[in-house]
2 protein chains.
Amino acid sequence: MNEPLYRKVIDKIVAQISTGELLPGSMLPSEMQIAAETGVSQGTARKSLMMLEQLGIVRREQGRGTFVTARTPESSLFNFFRLRQPDGQMIRPELVSQEVTERPALPLERETLDGAPMRVFEIRRVRSLRGTPSIFETTVVSTIRFSGLDQRAPLPNTLYVLYQQSYGCIILRADESISSVLANDDTSQALGVPPGMPLLCVDRVAFDIMGRQVERRRSLCRTDTMVYQVSLT
Amino acid sequence: MNEPLYRKVIDKIVAQISTGELLPGSMLPSEMQIAAETGVSQGTARKSLMMLEQLGIVRREQGRGTFVTARTPESSLFNFFRLRQPDGQMIRPELVSQEVTERPALPLERETLDGAPMRVFEIRRVRSLRGTPSIFETTVVSTIRFSGLDQRAPLPNTLYVLYQQSYGCIILRADESISSVLANDDTSQALGVPPGMPLLCVDRVAFDIMGRQVERRRSLCRTDTMVYQVSLT
DNA sequence: TATATGACATCTTATACAAGACTTATTCTA
DNA sequence: TAGAATAAGTCTTGTATAAGATGTCATATA
């Protein structure tokens with residue numbers, strides 16, 4: 001029982017969000033209300049809320065309130081889409097084609113995806129940047145957690161908004177492993193580039209608010225006109 | 001005068017660090033002392049210190065004190081060296097060769113590097129991972145801010161420790177732009193790989209504690225046995 | 001329509017006490 | 001007496017609470 005009070009308040013709020021009791025975009029109770037409900041002082045409730053803001057789980061605005069982070073197409077792109085023009089300007093990718101298939105989970109997918117699903121949906125998409133097909137993307141999610149996803153075509157440009165709105169799944173973190181590869185036949189055909197062109201291979205695993213791995217994604221990207229940008233601290 | 005008190009305290013401490021009045025690794029005055037010196041309460045001093053910790057500028061330890069972040073070879077690699085084994089394990093790069101030359105600054109370098117230097121040092125290094133030459137790295141810094149750098153051979157594996165210890169320059173942030181390229185003749189010779197091999201091209205600009213751009217670096221990396229890993233939030 | 005007001009939110013600052021880390025003096029033991 | 005174990009004291013930061021300032025917005029009022 002050595003856990004500090006503010007931690008218990010954090011856990012309680014996170015639980016409320018993950019069960020859907022608090023919906024993305026909705027306003028949390030005020031500091032005073034949270035304090036009263038949890039039996040702590042307003043200052044302690046505030047400390048909890050500040051840490052939740054720091055974790056990216058809520059957003060606070062003086063005079064207005066505290067709100068559960070909602071994945072909008074904008075925030076989704078800003079946080080998780082790292083391809084930019086060389087001058088740093090954002091690019092908005094457009095969807096060129098997509099297809100959703102169901103198949104058995106590979107051993108790696110079964111081992112790592114939350115719920116150890118036997119079957120998965122595979123979403124293949126080609127996205128273009130400023131008119132040029134530039135990204136060949138393969139996304140894998142559990143058929144259990146995202147049941148009926150294949151019925152929802154056409155899928156939106158930003159899947160994370162769909163995950164949130166239709167499945168209550170809030171993506172908060174993603175780990176990416178990047179390597180340099182040569183375009184193979186499939187990829188060169190999908191993107192319309194010559195085989196052997198150097199591409200960026202971005203392998204992503206995405207985690208929800210509880211830290212569960214809910215998505216695996218591989219993106220093959222042209223980087224002749226844009227670059228993958230990231231800030232290290 | 002709408003700036004909150006804790007902000008002023010932060011600015012004062014950052015200034016003291018950047019002038020060398022507070023050295024990396026040294027202990028800051030206690031919360032009580034800072035409060036007395038700056039005319040605020042201990043709680044306000046604490047808020048400032050907590051934000052400085054959050055920014056990575058100081059490290060706090062209960063019962064011991066608050067210390068200025070010191071760049072060690074370990075922290076330097078952990079924070080700024082993103083190449084990892086596919087399983088996520090860290091790799092420690094070894095230095096294979098290096099040469100330092102002085103040359104006129106390119107227009108881009110003169111425009112962006114702090115102090116608009118007319119001349120720069122260019123540091124060319126080949127680094128190997130587990131015995132295999134894997135990174136061909138070209139680093140550019142101002143001859144003004146880092147005067148005499150060319151006399152300091154051999155340079156250490158982690159330059160940021162040298163910047164800090166010999167020039168009082170603390171690197172806190174770096175922006176990287178990543179693209180996929182084919183090895184050209186120079187690079188393939190330096191790394192001992194066939195020309196046309198896909199390589200990761202990592203362009204970095206590094207910033208000091210005051211947000212000044214102090215270094216530009218291009219790294220060409222093999223990614224056949226390791227990957228560039230990063231976490232998005 | 002423009003302005004003032006009040007309810008209510010977070011933000012800023014202040015204070016008290018708890019807990020961890022060292023130092024130092026004391027006590028016990030060989 | 002020398003040396004190790006122990007305990008007290010005093011540093012440090014961590015946690016909890018409270019009061020007043022400030023920002024936001026809806027609504028009443030001129």
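Heavy atoms only: backbone and side chains are in, while hydrogens, waters and symmetry mates are out. First the proteins, then the strands, lettered A, B, ... as listed; each starts at 1.
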**Student:** When the distance from CE of A/M27 to P of D/dA26 is rounded to whole Å, what number comes out?
**Tutor:**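 Rounded to the whole Å, the gap is 12 Å.
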**Student:** Please check if the distance between the ring centroids of A/F121 and A/F146 is under 6.0 Å.
**Tutor:**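 So the answer is no for these two rings.
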**Student:** Once you round it to whole Å, what is the distance between C1' of D/dC25 and CD of A/E61?
**Tutor:**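 Rounded to the whole Å, the gap is 12 Å.
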**Student:** Does B/Q33 reach a base, just sugar-phosphate, or nothing at all? Heavy atoms under 4.0 Å.
**Tutor:**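 The answer is sugar-phosphate, as B/Q33 gets under 4.0 Å only of primed atoms, P, OP1 or OP2.
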**Student:** Is there a side-chain contact between A/R64 and the phosphate of C/dT10, meaning an N or O under 4.0 Å from OP1 or OP2?
**Tutor:**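 Looking at the OP1 and OP2 atoms of C/dT10, neither is under 4.0 Å from any side-chain N or O of A/R64.
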**Student:** Which is it for B/R216 and B/T112 under the side-chain hydrogen bond (donor to acceptor under 3.5 Å, both in side chains) test, yes or no, and what are the steps along the way?
**Tutor:** CA-CA 9 Å; B/R216 299 183 68 87; B/T112 57; 3.3 Å; yes
**Student:** Please report the distance, rounded to the nearest Å, between CZ in A/R59 and P in C/dA9.
**Tutor:**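 It works out to 16 Å between those atoms.
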**Student:** Can you tell me the distance, in whole Å, between the CD1 atom of A/I34 and the P atom of D/dT17?
**Tutor:**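 Interatomic distance, CD1 of A/I34 to P of D/dT17: 14 Å.
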**Student:** At less than 4.0 Å, is any side-chain N or O atom of A/Y6 found next to OP1 or OP2 of D/dA16? Yes or no.
**Tutor:**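 Answer is no, no contact under 4.0 Å.
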**Student:** Quick one: do the B/R92 and B/N157 side chains pair a donor with an acceptor below 3.5 Å?
**Tutor:**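 Absent: no donor and acceptor within the cut-off.
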**Student:** Can you tell me the distance, in whole Å, between the CG atom of B/L28 and the C1' atom of D/dT12?
**Tutor:**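 It works out to 13 Å between those atoms.
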**Student:** Are there more than 12 heavy atoms of other residues, nucleotides or ligands under 6.0 Å from atom CZ of A/R130?
**Tutor:**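 Count not over threshold, so no.
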**Student:** Does A/M27 CE have over 12 foreign heavy atoms under 6.0 Å away?
**Tutor:**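 Result for CE/A/M27: enclosed.
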**Student:** Using atom CE of B/M51 as one end and atom C1' of C/dT12 as the other, report the distance to the nearest whole Å.
**Tutor:**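 Between C1' of C/dT12 and CE of B/M51: 12 Å.
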**Student:** Once you apply a heavy-atom cut-off of 4.0 Å, does B/G65 come out as touching a base, just sugar-phosphate, or nothing?
**Tutor:**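 Counting heavy atoms under 4.0 Å across all strands, the contact made by B/G65 is with sugar-phosphate only.
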**Student:** Checking only heavy atoms, does the side chain of A/Q62 share a donor-acceptor pair with the base of D/dT22 at less than 3.5 Å?
**Tutor:**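 Such a pair exists between side chain and base.
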**Student:** With sugar-phosphate meaning primed atoms plus P, OP1 and OP2, does A/Q42 contact a base, only sugar-phosphate, or nothing at under 4.0 Å between heavy atoms?
**Tutor:**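 The residue A/Q42 makes base contact.
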**Student:** Take atom CD of B/E31 and atom P of D/dC11, then tell me their distance rounded to the nearest Å.
**Tutor:**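 Answer to the nearest Å: 15 Å.
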**Student:** Judged by each residue's nearest nucleotide on DNA chain D, which is more toward the 5′ side, A/R7 or B/S30?
**Tutor:**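 Closest to the 5' end, via its nearest nucleotide, is B/S30.
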**Student:** Looking at B/R46 and C/dT13, is any side-chain donor or acceptor paired with a base atom of the opposite kind under 3.5 Å?
**Tutor:**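 Checked by distance alone, the answer is no.
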**Student:** Does OP1 or OP2 of C/dA9 have a side-chain N or O of A/T66 closer than 4.0 Å?
**Tutor:**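 Checking A/T66 against C/dA9: no side-chain N or O falls below 4.0 Å of OP1 or OP2.
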**Student:** Can you check the B/I10 CD1 to C/dT12 P distance for me, whole Å?
**Tutor:**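 Result: 10 Å.
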**Student:** Indicate whether OP1 or OP2 belonging to C/dT13 is found under 4.0 Å from a side-chain N or O atom of B/K47.
**Tutor:**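 Indeed not, no polar side-chain atom of B/K47 lies that close.
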**Student:** For B/L49, answer base if it contacts any base atom (sugar-phosphate contacts may also be present), sugar-phosphate if it contacts only those atoms, and nothing otherwise; contact means non-hydrogen atoms under 4.0 Å.
**Tutor:**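 If one applies the 4.0 Å heavy-atom cut-off, B/L49 turns out to touch nothing in the nucleic acid.
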**Student:** Quick one: is A/T44 getting a side-chain N or O under 4.0 Å of the D/dT15 phosphate, OP1 or OP2?
**Tutor:**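 For D/dT15, OP1/OP2 do not have a side-chain N/O of A/T44 under 4.0 Å.
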